[in-house]
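Just below is one structure, and these are the notes that go with it.
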Amino acid sequence: MALIVQKYGGTSVKDSDRLREVAKWVVKNKAEGNQMVVVVSAPGGMTDSLIKRAEEVHKTPSGRELDRLLSVGEQISASLLAMAIGELGYKAVSLTGPQLEIKTTNEFNNAKILGISSEKIVERLEAGYIVIVTGFQGIDEDGSITTLGRGGSDTTAVAVGAAISADQVEIYTDVDGVYTADPRIVEDARKLSSLSFIEMIEMAGKGAKVLHCRSVELAAKYGIDIHLRSAFSWEEGTWIRGSEKMEKAAVRGITHVKGVAKITVDQLESNGSLGDVMDVIEARGSDILLINQGLTREGQFEISLLLKEEEAVRVAELLRERLGGGNLSLKPSLGMVSAVGIGIRSNRLQGRVARVVNNEEMRVEMISSSETSLSYVVEGAQVDRLKKLMHYELIEKSLSA
Ligand code: ASP
Ligand code: MG
């Protein structure tokens, strides 16, 4: 008998047919003698349409009210799934984040989980129930409902798994695992049977959308293995875990992000104005994809930031106000392609990529490299091409070597 947490994404619980399929699979696992906790996302598309409804009545809705509204999607999936399981003759109970006392910070739309009271789940498991939990939400100190940021149900699942010391966390989605690159762009992309926490964190942070980055960080922290797999084929997927034997290829995947923009501020006279730049960004809580800071020969500071395009436009406005305009430029319509793996530096992969890019005469806006990733920022229109080239150079070639 195992204690299993399963999480189902939006497309997996989109309509009644899907809910019945999921209910069957959950019941099958329960019938095999396991204790089951199921975390659900809102039905596919619902969170987007709720955001749209909110923006129709207010240009910038209050965080509290927006979270209150968005939490409803997951509640719909949870109670419907409990009913579908009941229809199969099994006992199920659905619980919301607040009912389970999933305590979070009060950062609306992007709250962090502080703790979960496991007794409420364990009590019901021991009474023979399948426990269904709404993903993506919790409650803050004042009793307001909060949400964890887009894609946050993955994080709920891992946090619940950690709280009850689950044997296994399975994340069901509409793809059958993690690939070496987006198979819609790179024909020869292949499915990975497993990868390490660090590799997955890097991949999620550099644009792979399969898992919420924070869910992997939590899994790494608590040492919980994640099995990412399909709720359509029900086949084995990709394991993400701590101890991972190194494969021959150092690079495990090529990820990309499109629709990003670069802000450059130069001729910053002192550490003071550099600090001003960081103040503005931190106060806004912007997610910075890349940052380069440098000192010029003239002794002036220069800083370049890569952000999602919409966010960059707003940050640029704020920076102009704060710094009094002048030496700030914004370059839109860019994309970032990253190679992720372990030993990027020690395997001297930077040079190989640089030569490929040179031959293609691509204009490179930014480069960043570490032991676990190598990122190139180029024109948005060049992203697919660069992704294919890097996949060939760093993955396909190494496999056939
Ligand atoms: N429903 C939320 C979203 O669409 C959370 C999730 O699906 O994980 O972002
Ligand atoms: Mg998701």
Side-chain angles (χ1 to χ4, degrees), residues 5-15 18-19 22 37-55 61 63 65-81 94-98 100 102 104 107-113 116 132-139 145-161 169-179 182 200-201 203-219 226-232 237-238 240 255 257 287 308 310-311:
V5 176
Q6 295 184 335
K7 179 260 169 179
Y8 292 91
T11 45
S12 310
V13 293
K14 196 178 71 219
D15 52 31
R18 289 300 318 159
L19 282 165
V22 167
V37 179
V38 182
V39 176
V40 286
S41 281
M46 186 173 282
T47 307
D48 285 330
S49 68
L50 290 173
I51 292 174
K52 201 165 149 255
R53 289 288 308 273
E55 288 172 352
E65 294 311 321
L66 188 59
D67 278 8
R68 174 71 192 80
L69 177 70
L70 296 189
S71 69
V72 172
E74 272 68 15
Q75 295 178 27
I76 291 174
S77 299
S79 33
L80 286 172
L81 182 60
S94 71
L95 294 160
T96 66
L100 270 178
I102 299 185
T104 72
E107 299 159 87
F108 293 111
N109 310 153
N110 199 22
K112 313 285 177 319
I113 295 179
I116 298 179
I132 323 268
V133 178
T134 55
F136 179 54
Q137 57 196 269
I139 189 164
I145 296 179
T146 54
T147 66
L148 309 180
R150 298 306 305 270
S153 297
D154 295 339
T155 297
T156 306
V158 176
V160 166
V169 173
E170 302 180 333
I171 300 206
Y172 287 87
T173 175
D174 52 3
V175 294
D176 54 7
V178 182
Y179 277 72
D182 185 338
M200 192 65 235
I201 288 168
M203 283 176 76
K206 296 279 187 305
K209 294 194 193 72
V210 280
L211 277 175
H212 199 222
C213 195
R214 272 159 49 206
S215 73
V216 193
E217 290 169 6
L218 260 189
I226 297 178
H227 186 186
L228 183 91
R229 54 191 299 191
S230 164
F232 291 78
T238 301
I240 296 120
T255 60
V257 193
D287 197 9
K308 280 279 186 192
E310 287 166 32
E311 188 62 21

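Counting starts at 1 for both ligands and their atoms, following the listed order. In this chain, residues are counted from 1 in sequence order.
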Query raised in the report: Is it true that a side-chain atom of Glu74 and a backbone atom of Ala42 form a donor plus acceptor pair closer than 3.5 Å?
Result: yes
Report task. Using distance alone, determine whether Ser153 and ligand 1 share an N or O pair under 3.5 Å. Result -> yes
Query raised in the report: Tell me, which protein residue and heavy-atom name are nearest atom 7 (O) of ligand 1, and how many Å apart are they?
Result: Ser41 OG, 2.9 Å
Query raised in the report: Which atoms of ligand 1 are found less than 4.0 Å from any heavy atom of Arg150?
Result: 3 (C), 4 (O), 9 (O)
Query raised in the report: Between the side chain of Thr173 and the main-chain N/O of Gly9, is any donor-acceptor distance below 3.5 Å?
Result: no
Query raised in the report: Do Ser215 and Asp154 have a side chain donor and acceptor closer than 3.5 Å?
Result: no
Requested in this report: Work out whether the distance between some heavy atom of Gly152 and some atom of ligand 1 is less than 4.0 Å.
Outcome: yes
Requested in this report: Please check if the side chain of Asn110 supplies one atom and the backbone of Gly149 the other of a donor-acceptor pair under 3.5 Å.
Outcome: no
Query raised in the report: Under 4.0 angstrom from ligand 1, any heavy atom of His212?
Result: no
Requested in this report: Report yes or no: does Thr147 contribute a side-chain atom to a donor-acceptor pair with the main-chain N or O of Phe136 at less than 3.5 Å?
Outcome: no
Query - Min heavy-atom dist Gly151 to ligand 1 below 4.0 Å - result: yes
